[in-house]
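Encoded as structure tokens, the structure appears first; notes follow it.
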Amino acid sequence: MRYIVIGAGAVGGTIGAKLFQGGHDVLLIARGAHYESLRASGMKLISPSGSETLNIPVSDGPVPTGDDDVIVLATKSQDTVAALDPWSRDLPVVLAQNGVCNEPVALRRFENVYGMCVWLPALHLEPGVVISYGTPHPGMLHVGRYPQGVDELATRVTDDLTQSGFVARAVPDVMRWKHGKLLGNLGNAAEALCEPGGFGDIRQQARTEAMDLLDAAGIAFTTQDDERRLRGHLVDLAPIDGVVRGGGSSWQSLARGAGSIEADYLNGEIVLLARELGRPAPVNEVLQREANRAAREKLPPGSMPVAKLQALIDERSAAVSR
Ligand SMILES: NC(=O)C1=CN([C@@H]2O[C@H](COP(=O)(O)OP(=O)(O)OC[C@H]3O[C@@H](n4cnc5c(N)ncnc54)[C@H](OP(=O)(O)O)[C@@H]3O)[C@@H](O)[C@H]2O)C=CC1
Ligand SMILES: CC(C)(CO)C(=O)C(=O)O
């Protein structure tokens, strides 16, 4: 099977590199300066065990495909449609992304869609360079057919990931895991907006607001304990000499001045649910709005004091409760 990894950044770069090192056929799809660098000099993969350069096949657009190809999509959610559209709709698609909106978007277009719940701490700020912090395993990945079930392909992908060093499981309820993971990612916006530390309260407020709404909508989600029990110390974050990990994926979008951020598909997922239920979601609404503003204005990470963000949330909470 050939893995066509669209979006060879932090997550896609790590998954592609590990599969490649595991002896699998991999094609990375990248764009811009990252593509040029991967093509000219290979991928510099930095991990707790050292730094290596991998000459993984790379393309900047669609290539002829066949029966043995599978797409692994690892772009940010705001790039999903544009990234998938040029590809043959006969291919199976595995969505290695946070959030829960990508699977239905893909299922509109592709018949065979798989969710992947991704615990994989990684960083990509510089063209050609991917930093993978997880140790002793680079990540824990749950794979399942969307909307539910496990089939031969889910099992095969899981086996290949396991053989390549990941903690991988085929699960029949991947969206329950992805909803659980989404709750954690509601803090991404606060981490990107505020100085390190100090935003834990806001993250918890976003989580509590979201859990109430998921319960009200009857949507199942896993708990932090479910996740901790399985992960244990299988994927710990190891410091890497000379590399400071400022933050997660949304932090990295601001650090790169990408001009966009995933907030519409993380906090925005909760805002959408609240609006469908006719309920307020002031915490997630403010996080979504402020993260988008920071991305649009290309503000660096950490540009807003925590007290200011909390004041905006309090103001919005008061307004919606009137
Ligand atoms: N980083 C992390 O530690 C984790 C991230 N995640 C999730 O994984 C997903 C991917 O995040 P992450 O790896 O951080 O993102 P990155 O921004 O590091 O990587 C995504 C890559 O996709 C590229 N891309 C976007 N559109 C296209 C396209 N049409 N064709 C080719 N390349 C494209 C981007 O290019 P460009 O830079 O030009 O936009 C970028 O290089 C997100 O859903 C995120 O929330 C989950 C767990 C951990
Ligand atoms: C859990 C976390 C924060 C790991 O980096 C993540 O999912 C992200 O960066 O989006």
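Side chains included, hydrogens not; waters and symmetry mates left out as well; all remaining heavy atoms used. Note that the structure is predicted; figures quoted are calculated from it, not measured. As the structure lists them, so they are numbered: ligands from 1, and atoms in each ligand from 1.
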**Prompt:** Does the distance from a Lys or Arg side-chain N to an Asp or Glu carboxylate O, for Asp85 and Arg109, drop under 4.0 Å?
**Reply:** yes

**Item:** Residue contacts for ligand 2, heavy atom to ligand atom, distance under 4.0 Å
**Value:** Asn98, Lys181, Asn185, Asn188, Arg245, Gly248, Ser249

**Request:** Would you please name every residue forming a ring-ring contact (aromatic ring centres under 6.0 Å, His included) with His124, sequence neighbours left out?
**Result:** His34

**Request:** Validate the cation-pi geometry between Arg245 and Tyr133: distance from NZ or CZ to the six-membered ring centre under 6.0 Å, angle to the ring axis within 45°.
**Result:** yes

**Asked** Could you give all pairs that pass the salt bridge (Lys or Arg N to Asp or Glu O under 4.0 Å) test and reach residues 294-307, with sequence neighbours left out?
**Response** Arg293-Glu297

**Request:** Answer yes or no: does atom CG of Asp68 have more than 12 heavy-atom neighbours from other residues, nucleotides or ligands under 6.0 Å?
**Result:** yes

Does ligand 1 have any N/O atom under 3.5 Å from a protein N/O, and what are those pairs and their distances?
unit_1	atom_1	unit_2	atom_2	d
ligand 1	1 (N)	Ala122	O	3.4
ligand 1	3 (O)	Leu120	O	3.2
ligand 1	3 (O)	Ala122	N	3.1
ligand 1	3 (O)	Ala122	O	3.2
ligand 1	6 (N)	Asn98	ND2	3.3
ligand 1	13 (O)	Ala10	N	3.3
ligand 1	13 (O)	Val11	N	2.8
ligand 1	15 (O)	Lys76	NZ	3.3
ligand 1	17 (O)	Lys76	NZ	3.1
ligand 1	17 (O)	Arg256	NH2	2.8
ligand 1	18 (O)	Ala10	N	3.0
ligand 1	26 (N)	Arg31	NH1	3.4
ligand 1	35 (O)	Arg31	NE	3.4
ligand 1	37 (O)	Arg256	NH2	3.3
ligand 1	38 (O)	Arg31	NE	3.0
ligand 1	39 (O)	Arg31	NH2	2.8
ligand 1	43 (O)	Asn98	N	3.0
ligand 1	43 (O)	Glu262	OE2	2.6
ligand 1	45 (O)	Asn98	ND2	2.8
ligand 1	45 (O)	Ser249	OG	3.4
ligand 1	45 (O)	Glu262	OE1	2.7

**Asked** Hey, are Asp60 and Arg31 close enough for a salt bridge, meaning a charged N less than 4.0 Å from a carboxylate O?
**Response** no

**Request:** Could you tell me whether a side-chain N or O of Gln163 sits under 3.5 Å from a main-chain N or O of Gly22, the two making a donor and an acceptor?
**Result:** yes

**Message:** For Arg279, run the side chain to side chain contact (heavy atoms under 4.5 Å, CB included) check against Asp212, Leu273, Val320 and tell me which one passes.
**Reply:** Asp212

**Message:** With a sphere of 6.0 Å drawn around CD of Glu111, does it hold more than 12 non-hydrogen atoms of other residues, nucleotides or ligands?
**Reply:** no

